[in-house]
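Below, chains carry the letters A, B, ... as their sequence lines are ordered, and counting in each starts from 1.
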Amino acid sequence: MAEDKKMLLVDGNSVAFRAFFALHNQLERFVNHDGLHTNAIYGFKLMLDKILGDVSPSNVLVAFDAGKVTFRTKAYADYKGGRSKTPTELSEQFPHIKELLDAYGIKHYELPEYEADDIIGTMAAKAEKAGYQVTIVTGDRDLTQLTTDKTTVAVTIKGVTEIEEYTPAHVVEKYGLQPAQIVDMKGLTGDSSDNYPGVTKVGEKTAIKLLKQYDTIEGIYENIEAMKKSKLKENLTNDRELAFQCKDLATIRKDAPVALTLTETTWPGAKKEDLLKFFEEMDFKSFIAQLQTSSADDVSAGPTLSKLEVEALDEAKVEKLVYDKASDISFYLELSDDNYHTADFWGFGLKIDDRYYATRDVELLKLPKLKQLLEDPAIQVDVFDGKQTYVALKRIGIELKNINFDLLLVSYLLNTSDNSNDLGNLAKRHDYFDVLTDEEVYGKGSKRKVPVDDAIYFEHLAHKLKAISELEDKLMKELAENEQEDLYFEIERPLSLVLAQMEITGIKVDRERLDIMQSEFKERLSELEQQIYNEAGEKFNINSPKQLGVILFEKLKLPVVKKTKTGYSTAVDVLEKLRGMSPIIDNILAYRQLAKLQSTYVEGLLKVIAADGKVHTRYTQTLTATGRLSSVDPNLQNIPVRLEEGRKIRQAFVPSHPDWEIFASDYSQIELRVLAHISKDPHMQQAFKDDFDIHANTAMRIFGLDDPSQVTANMRRQAKAVNFGIVYGISDFGLAQSIGSTRKQAKEFMETYLASFPGVHEYMQDIIESARQKGYVETLFHRRRYLPDIKSKNYNLRSFAERTAMNTPIQGSAADIIKVAMINMQQALKDAGLEAKMLLQVHDELIFEAPKAEISKLKELVPKIMDSAVELSVPLKVESASGKTWFETK
DNA sequence: ACTCTCACG
DNA sequence: ACGTACGTGAGAGTC
């Protein structure tokens with residue numbers, strides 16, 4: 001190493017800033033046991049590993065800024081003025097970043113009155129002279145002025161490990177300037193982030209043009225007399241002083257009084273025990289695990305996976321497979337993309353006891369030996385995503401009969417907020433590191449592809465199988481500790497197969513109906529478009545909030561009601577307020593409504609109709625924080641219903657056989673009933689037992705009426721909003737917004753409500769207190785949601801967590817109940833020998849198709865199953881309807 | 001990739 | 001003094 005003289009110089013402040021902001025959205029996830037934020041430290045460590053791995057330096061120095069006062073601020077008072085203060089979450093991390101460097105055995109240095117740049121410039125010059133190759137790492141492009149044939153500047157561009165390397169040639173390519181001219185450019189253009197102005201009206205383009213002709217700022221001014229009279233010449237003349245001053249500010253010193261010899265920067269390598277101690281202090285579990293699996297002299301080389309023996313399967317090998325009913329079997333089917341209804345099969349991996357097998361040849365699954373293995377009800381198969389595996393295998397005629405451990409599903413139940421669906425990422429969250437993520441092996445987005453190399457591909461499959469198998473005991477134990485075994489065995493796992501069946505069945509879509517709607521909408525849209533253009537006096541893109549904002553608020557001078565982060569808000573509630581001020585508003589609202597129906601529903605649905613004339617959604621069972629399902633590709637849980645125009649989309653959802661009908665049942669007020677049950681509020685419970693109109697009942701209480709006949713439509717509407725507010729976790733602001741009252745009025749409603757329903761009031765207080773103590777809230781069936789923010793000092797985060805604490809047990813228990821109903825339903829339909837099929841779930845309703853002759857039986861059976869799914873202290877109520885299309889089930 | 005808007009419970 | 005209703009997915013525009 002001594003032969004190989006390589007100097008690595010790191011701009012510590014700049015890299016720490018980059019790391020901090022790159023991981024800013026995860027700020028609250030990176031907190032150690034002392035409450036210290038660690039995101040910048042974590043990111044710094046990743047960057048360090050990357051660059052140490054790339055460069056293999058013999059010498060390393062990390063330079064830091066010493067403080068606010070520097071020779072530059074002394075010369076130019078406003079230098080770096082106006083910069084926002086470093087967030088405390090970051091500044092508290094600096095001392096620990098230095099500890100991290102100590103643990104790595106890396107020298108760090110700062111110098112009063114000088115910036116990190118100058119230390120780097122000085123050391124780079126020294127090192128070059130002594131024959132070193134120099135690499136500089138920074139997030140600041142200005143340092144590219146230091147590139148030479150011996151010095152490369154690596155600038156972090158995105159995240160923490162993505163860098164762009166500047167050599168002199170790259171600088172020339174990028175700017176059309178020599179590295180030494182960077183300071184001349186900065187002198188002319190100034191730097192707004194450092195708060196020095198440069199020459200008026202001169203930006204990068206002009207500066208580059210000038211420097212190409214005159215080489216330096218000095219060159220420009222030597223020749224300025226000869227320049228043609230122009231605004232530019234005038235500006236240059238006026239700002240002459242400034243130009244030279246700014247150039248001076250931008251120039252990195254190469255002669256700072258750095259009291260450090262090159263020998264002192266020699267890097268001996270990291271000491272494992274020091275790193276271990278530091279990582280433990282920071283709670284960096286993944287780095288600890290990496291350290292433990294890596295060899296002693298290679299502590300910064302990143303993750304190293306265990307070596308697995310994988311046998312490539314072929315027909316002959318399949319015949320020779322050995323297993324029995326007691327074998328420990330894991331199976332992983334690899335697909336080309338998320339949509340398992342249509343994805344290509346990339347191959348599969350199989351673990352039998354301690355032997356790993358893998359292949360690209362999915363046809364092998366059809367061989368009797370493998371088919372029987374997977375379909376044997378006595379053999380337990382462990383998987384990563386049971387529903388995906390089941391549905392995909394069903395496409396080739398194989399039906400899994402005994403899914404045992406479903407890693408994805410169990411992991412979700414343990415923590416509904418951790419909902420990655422990548423095996424590698426998910427394993428890491430359970431402190432298991434012996435597997436890569438799919439992104440690491442296959443690439444992401446359009447770059448995702450199956451590896452060409454069998455060894456890489458098969459080993460990845462084997463590592464996934466190993467993870468499934470090795471995480472089983474640990475996760476099942478946690479499930480038991482959380483009292484969640486019933487939730488898994490009795491609800492989620494059986495439900496996954498019910499959902500699989502619903503997805504496979506799919507729902508028939510009347511393509512012709514949609515085609516007709518499409519042409520009708522098209523015509524009406526172009527009429528509206530013309531009217532809007534006329535009223536605006538010009539053509540523009542109505543779908544662009546930005547362009548629409550300019551038309552409404554600048555050209556037509558309508559008053560600005562609300563702003564978004566990026567400009568004017570043009571959302572419905574804003575437009576509603578502008579109604580009557582200009583006829584354009586009504587047309588825009590109509591256009592919006594129609595455009596939404598056209599693009600999302602008519603055209604969106606047409607795009608996903610499969611060859612069988614049906615759409616096959618996928619229910620995401622492991623995504624929502626509350627336990628609800630979600631539906632994708634297409635989303636069948638948000639088909640329009642509230643407005644008549646949109647509701648007509650439902651005419652396109654039809655039975656898949658002639659003489660069949662659509663049948664739908666929904667729970668009435670399930671969330672408020674759940675609230676009545678868990679809050680034990682006597683008034684609310686009584687209202688449900690007496691089957692009162694619950695919103696009218698609330699109206700009577702908050703308006704102090706004695707008789708239902710006194711409740712006006714408006715009172716009921718407001719009471720309904722109050723009930724919603726209660727379910728969502730009440731706030732006066734939100735309620736005021738929803739009923740269009742003042743905040744004060746909303747607050748009074750809330751207070752009266754809580755006084756009239758003391759059980760609810762007590763529940764709200766108790767659940768928040770319990771969440772604070774336990775760190776989580778639970779549903780009726782022990783579904784858990786962790787709420788770390790409930791203790792946050794940040795008011796917004798804390799308030800949000802409190803509302804979530806109130807809402808999640810309600811929304812989540814309602815989700816539990818319908819899940820139980822669905823499982824019972826599938827069995828009941830089978831037991832009754834009905835042909836009826838359950839097709840869709842929309843949170844509190846179930847949609848079926850059935851022969852007309854079965855409808856009367858469903859009218860009995862479905863409500864019976866739904867309201868007996870669970871025994872609450874209030875009755876559950878179910879309402880049903882049927883018709884020729886989904887539209888008619890109202 | 002992010003923002004805005006809007007569809008549902 | 002601050003800035004929110006709870007839970008989702010999709011399309012279009014913008015950068």
Between B/dG9 (C1') and A/Tyr619 (OH): distance, integer Å: 13 Å
Protein-nucleotide distance (A/Leu548, atom CG; B/dT3, atom C1'), rounded to Å: 15 Å
Worked check of salt bridge (charged side-chain N to carboxylate O under 4.0 Å, His left out) between A/Lys539 and A/Glu529: CA-CA 9 Å; A/Lys539 278 184 131 183; A/Glu529 204 177 79; over 6 Å; no
Nucleotide B/dC6, atom P - distance to CG of A/Asn543 in whole Å: 11 Å
Determine whether A/Val862 and A/Phe663 make a side-chain contact, defined as any pair of heavy atoms from C-beta on separated by less than 4.5 Å. yes
Row check, A/Phe733 ring normal vs A/Arg743 NZ/CZ: under 6.0 Å, within 45°: no
Residue met sooner reading DNA chain C from 5', once A/Thr620 and A/Glu603 are mapped to nucleotides: A/Thr620
Charged N-O contact under 4.0 Å between A/Glu671 and A/Arg628: yes
Below the 4.0 Å mark, does B/dA7 have OP1 or OP2 next to a side-chain nitrogen or oxygen of A/Lys596? no
NA contact type, A/Ser731, heavy-atom cut-off 4.0 Å: base, sugar-phosphate, or nothing? base
Within 45° cone of A/Tyr728 ring axis and under 6.0 Å: A/Arg803 NZ or CZ: no
So what does A/Phe800 hit on the nucleic acid, given a heavy-atom distance under 4.0 Å: a base, only sugar-phosphate, or nothing? sugar-phosphate
Ring centroid separation A/Phe749 to A/Tyr753 under 6.0 Å: no
Side chains of A/Gln547 and A/Asn541: do they bring a donor and an acceptor to under 3.5 Å? no
Shoot me the first and last contacting nucleotide of DNA chain C against chain A, ordered 5' to 3', at under 4.0 angstrom to non-hydrogen atoms. C/dC2 to C/dC15
Can you check the A/Gln593 CD to B/dA7 P distance for me, whole Å? 7 Å
Encoded 5' to 3' (Watson-Crick or G-U under 3.5 Å; [ ] crossing; | other strand), DNA chain C becomes .....|||||||||.
Tell me: CZ of A/Arg592 to P of B/dC4, nearest whole Å? 13 Å
Using a heavy-atom cut-off of under 4.0 Å over every strand shown, decide if A/Ala746 touches base, sugar-phosphate, or nothing. nothing
So what does A/Ser738 hit on the nucleic acid, given a heavy-atom distance under 4.0 Å: a base, only sugar-phosphate, or nothing? base
Strictly by modelled atom types, are A/Thr617 and A/Ser631 linked by a side-chain donor-acceptor pair under 3.5 Å? yes
May I ask you to say what A/Leu597 touches in the nucleic acid, namely base, sugar-phosphate or nothing, with a heavy-atom cut-off under 4.0 Å? nothing
Looking at every strand, decide which applies to A/Arg743 at a 4.0 Å heavy-atom threshold: base, sugar-phosphate, or nothing. base
Touch check for A/Ala595, heavy atoms < 4.0 angstrom, all strands: base, sugar-phosphate only, or nothing? nothing
Compute both the distance and the angle, then confirm whether A/Arg618 meets the cation-pi test with A/Tyr340: under 6.0 Å from the six-membered ring centre, within 45 degrees of the axis. yes
Which is true for A/Arg642 with a 4.0 Å heavy-atom rule: it touches a base, it touches only sugar-phosphate, or it touches nothing? base
Across the strands shown, which category fits A/Ile810 at heavy-atom distances under 4.0 angstrom: base, sugar-phosphate, nothing? nothing
